[in-house]
Amino acid sequence: MDPKKMLIAVDASENAQRAAEYAARIVGATPGFSLTLLTLERPPERDLYKDDAAHRAACQAREGEMRAAQGAIKAVLVAGGVPAGMISAHYVASCKSPQAEGADQCSLGQSIALEILDFAKAQGCGTVVVGRRGVSKAEEFLFGSVSSKIVHNAKNCTVWVIS
Amino acid sequence: MPKESVAALVARLRPGYRLARAGRVVDDTGQFMDIIQGDVLRLAGRHYLVFKDAVERRFGYTDPKFWVKKCLELETGARAIVKLVFQESFPLRVGTVSTTCFRSPAKEARVLDVVRGDARFMQGFATRDTAGNLVRVIETVSGVSIENTVAALDMPHADYFRDLFPNLLARFTGACRAIAWLHSQGELHGDVGRDHLWIEHKTAAMRWIDFDYAYEAYENPFGMDLSGLGDILVFLAGQGVHTIAGMRESGLPESLLDTLAPDDFSLVHGNRLANLAKISPYIPERLNRILLHFAAASDVLYESVDELLADLTPVVQEMGGGLI
C-alpha cells in the first residue's frame, strides 16, 4: 500500500469539504502523490416514499447532489494547488438505486465504511482521508459513524480523520 | 350486481350476531377517518366489520390511531386489526437524539412476509384495496405487553429478581434472537420497545408487534433496534425504569443516591439508571456488565444483536432461566 496514494471519501457534507481542504494543504503539488475521490452513493430508502415514482425522483435528486459535491471537492483540491492530473474521481452507484441497472460496480450500502476500506485496498491506497461529523456517543450508538468504523477496521493503511 | 349491505353480510356470514350499527361496505379505504364502527371493509375477498379505532396508551396518555381499525372477520369470526395507509413522517426523539421516522406500509408488508409462520412475531398479510392502498390485516395477539406485565407485579425487587426474572430473561433472550434473525434477513423492526413485545396469554410466548417504522439509512441501520433491546433488558432487570426522582420516591437513601454518577445512567436515556447493581447488589456481575454496555460510561458499544446474544446466553444459563 502506497501512502502517497490517497483516497478521499466524498459525500455532500461540509465534513468532506474540510477533508479535501486539509489534504490539499498537505499534498499541494508535491510530485509522487495521487488523490482518488470516492463517492459511494447512498440513495434514500424506498420505504420512505409513497410510490416508485416518488422514490425514483428522490434518487435522481440525491445522485445529482452527490455528483455535484464530488465536482465541487475536485475544484477545492485544484484551488488548493493540487494539479488536476493528480486527481481521479470515482462514483459508485448504489445497488439499490433504480439508476444502478447496468452499472459495472455498485455499492451494497450495508456499510459505507467497509466499502471505502475495500476500495482503498483494491486501489492500493495507503492513506484514507475522511471528514468527521462530530456525532455524540449516543448518536454513534444509534446510527453508527463512518469515520469511527473506518478507524476501527483499517488495516495496512493510515487514516486521517479531519474534524 | 348490487353491493350486499352490511346487514345482509352479517346475516349471511355471522347469523345471530347482534349488530350495533349497520354502516357501509368500504372497498376504498383511503379516507380512513370516515371509516367508523359498523362499517365493513372488503379486502382480499373477505369482510371485516369495524368495531373501533385502535388506541395507544403511552406514558399516561391515550393516542387514538384512526388508521388502525379493530375488526371482526365475518367469514371466520376471528378478531383482526386492519392497518390502513397513513403515510407520515415525524420527528422521533430517542432520549437525547432526534431523527425522522417514517410510517411505511410497504415496509410492514414486507416484514409480515418475511416472518410468516414465525410465532416470535405478529402474523398477518398485506393486500391492496380497490384504490391500490396497501392494507395490512393483522391477527390479534391476545396478551399483555412486557411493560404492563412487569408493571402489574407487586413484589419486592429481590423476590422478583430471584423468582421471576430468570425465566423472563430466558424468554427475552429468545426475543432478541428473533430480532437478530430479522436483521439477518435485511429487515429491521424499527420500533423495538417494551410496548411492542407482548406475552401471549395462551402460549406465554413473547411476540414482537408493529413493524411499520422506517428510517433513513445510516452506517448502522440496526442500532435503533439494538438500543431498544438494551432499554428492555434494563427495564426487565430493574423491574421498571429507575430515575433519580423515582428512586428517591421509593425510599432509597440519599447516601446511596449520592453515589450515582451520570456514567451510571443510560447512554441514550440519560435519566434512566443502567448500572443497576448499584441499587441492587445481588444482580450478577456478568449481567450488570451487559447493562453497562448501554450506560453512558461504556467505551465499548454493541454493534449487533449477535454481540449482545453472545453475552446474554451464558447469563441465562448461569441464572437457571433455561434456554428458549
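Chain letters run A, B, ... following the sequence lines, proteins first and then strands; every chain starts at 1. In this text the structure is predicted, and so the values were computed from the model without any measurement.
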Salt bridge check, E216(B) against R62(A): does any charged N sit closer than 4.0 Å to a carboxylate O?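 Judged by the 4.0 Å cut-off on N to carboxylate O distance, R62(A) and E216(B) do form a salt bridge.
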Under-4.0 Å salt bridge between E219(B) and R133(A):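 Looking at E219(B) and R133(A), the cut-off is not met.
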With a 3.5 Å distance limit and no angle check, can you tell me whether K137(A) reaches the backbone of S298(B) through a side-chain donor-acceptor pair?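 Indeed, once roles are kept as given, a pair shorter than 3.5 Å links the two residues.
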Counting only non-hydrogen atoms closer than 4.5 Å, does [X] touch chain A with its backbone (N, CA, C, O), its side chain (CB onward), both, or neither?
X	value
R110(B)	side chain
F294(B)	side chain
T96(B)	side chain

Please determine, among S148(A), S136(A), G144(A), the option with the most heavy-atom pairs under 4.5 Å with chain B.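 Sorted descending by pairs with chain B, the first entry is G144(A).
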For each of L226(B), V94(B), T99(B), L267(B), tally heavy-atom pairs with chain A at distances under 4.5 Å, and name the one with the top tally.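 The residue among L226(B), V94(B), T99(B), L267(B) with the greatest pair count is L267(B).
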To the nearest 0.5 Å, how far apart are [atom1] in [X] and [atom2] in [Y]?
X	Y	atom1	atom2	answer
D47(A)	Y213(B)	CG	OH	14.5 Å
E45(A)	S104(B)	CD	OG	10.0 Å
S89(B)	L48(A)	OG	CG	9.0 Å
K149(A)	N220(B)	NZ	CG	6.0 Å

Flag if over 12 foreign heavy atoms under 6.0 Å of CD, E88(B):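 Counting other residues, nucleotides and ligands, CD of E88(B) exceeds 12 neighbours.
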Surrounding OH of Y91(A) (heavy atoms of other residues, nucleotides or ligands, distance under 6.0 Å), is the total greater than 12?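 Enclosed: over 12 neighbouring heavy atoms sit under 6.0 Å from OH of Y91(A).
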For the residue pair F141(A) and L301(B), what are the closest heavy atoms and their distance?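 What the structure gives for the nearest pair is CB-CD1, 3.8 Å.
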Closest non-hydrogen atom pair, M224(B) against F143(A):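 Looks like SD-CE2, 3.7 Å.
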